[in-house]
Amino acid sequence: RRRVHQLRQNCDAVAVGIGTVLQDDPQLTARDEQGNLLESQPLRVIIDSQGRVPTDAQMFRAPGRTLVAVAGISSEREDALCQIGAEVLVVPGEDGQVDLEALAQALGAQEVTSLLVEGGGTLLASLFHVGLVDKVIAFLAPTIIAGREAPTPVEGTGIPHLKDSLRLERVSVDQVGEDMLIIGYPRKGV
């Protein structure tokens, strides 16, 4: 957990999908080694196509800015989010989803140059699909979660053949407590 807080303090923004917010209700704050909130917090970004984020989510009470990226939203719902201090960005894409490339451009216009995505498998698959992943930082815990419904790190449609998989290069592996930290960069041109 300490390593995640260090990662957050070294980025301009932290993003999650609506599924993570609904399931985990994260604060997405950066903290020091003692667990104290840092004075400067990264922008929190919720990718929420339909604007379903609860107005009582923890991150709205945490210090710093929170942006909710939606594909579409009613004016009443947008007003409710703005009243609790959220910024709403409408970036409609295909199939009623947030246009991730347009979101990346909008964040860049706000001088966000590093975005840490702590999203679930659906969001991560979408980012890989549109080629917006520059670096992979993955923690591997020595824990087995079995079952057909067990979450996977990257979901989506998958690939038909192993030869079509996305390969990482310049990979490093370190032990962090009981966990393994794997860092790699998607191979370009594959």
Report yes or no: does [X] contribute a side-chain atom to a donor-acceptor pair with the main-chain N or O of [Y] at less than 3.5 Å?
X	Y	value
Asp48	Val70	no
Gln175	Gly177	yes
Arg52	Ile18	no
Gln97	Ala71	no
Thr55	Leu81	no

Work out which heavy atom in [X] is nearest to a heavy atom in [Y]; give both atom names and the distance.
X	Y	result
Pro26	Gln58	O-CB, 4.1 Å
Val16	Leu123	C-CD2, 3.7 Å
Leu168	Pro186	CD2-N, 3.7 Å
Phe60	Pro54	CE1-O, 3.3 Å
Ala106	Leu89	CB-CD2, 3.6 Å
Val98	Ser49	N-OG, 3.2 Å

For residues [X] and [Y], determine if any side-chain heavy atom of one lies less than 4.5 Å from a side-chain heavy atom of the other.
X	Y	value
Leu116	Pro42	no
Ser172	Ile182	no
Arg77	Val53	yes
Asp179	Pro142	yes
Gln105	Val91	no
Glu39	Asp32	no
Cys11	Val112	no
Leu28	Ile46	no

Report task. Any chance you could lay out the side-chain contact (heavy atoms from CB on, under 4.5 Å) test for Thr143 and Glu178, step after step, and finish with the verdict? Result -> CA-CA 10 Å; Thr143 304; Glu178 292 182 353; over 6 Å; no
What's the spacing between [X] [atom1] and [Y] [atom2] if we round to 0.5 Å?
X	Y	atom1	atom2	answer
Ile183	Arg170	CD1	CZ	11.5 Å
Met59	Gln41	CE	CD	12.0 Å
Thr122	Leu127	OG1	CG	11.0 Å
Arg44	Glu118	CZ	CD	12.0 Å

| request: Please test Leu107 against Leu43 for side-chain contact (heavy atoms from CB on, under 4.5 Å), starting from the C-alpha separation and ending with a verdict. | output: CA-CA 10 Å; Leu107 292 173; Leu43 170 67; 3.9 Å; yes
* Hey, mind stepping through Arg31 and Asn36 against side-chain contact (heavy atoms from CB on, under 4.5 Å) and telling me if it holds? -> CA-CA 5 Å; Arg31 298 174 181 267; Asn36 301 311; 6.0 Å; no
_Asp12 and Glu111: CA distance, side-chain angles, deciding distance, side-chain contact (heavy atoms from CB on, under 4.5 Å) verdict_ = CA-CA 8 Å; Asp12 298 323; Glu111 298 186 8; over 6 Å; no
For Glu87, the salt bridge (charged side-chain N to carboxylate O under 4.0 Å, His left out) test, sequence neighbours excluded, returns Arg65
Residues pairing under side chain to side chain donor-acceptor pair (under 3.5 Å) where one sits in residues 13-26, two or more places apart or in two chains, turn out to be none
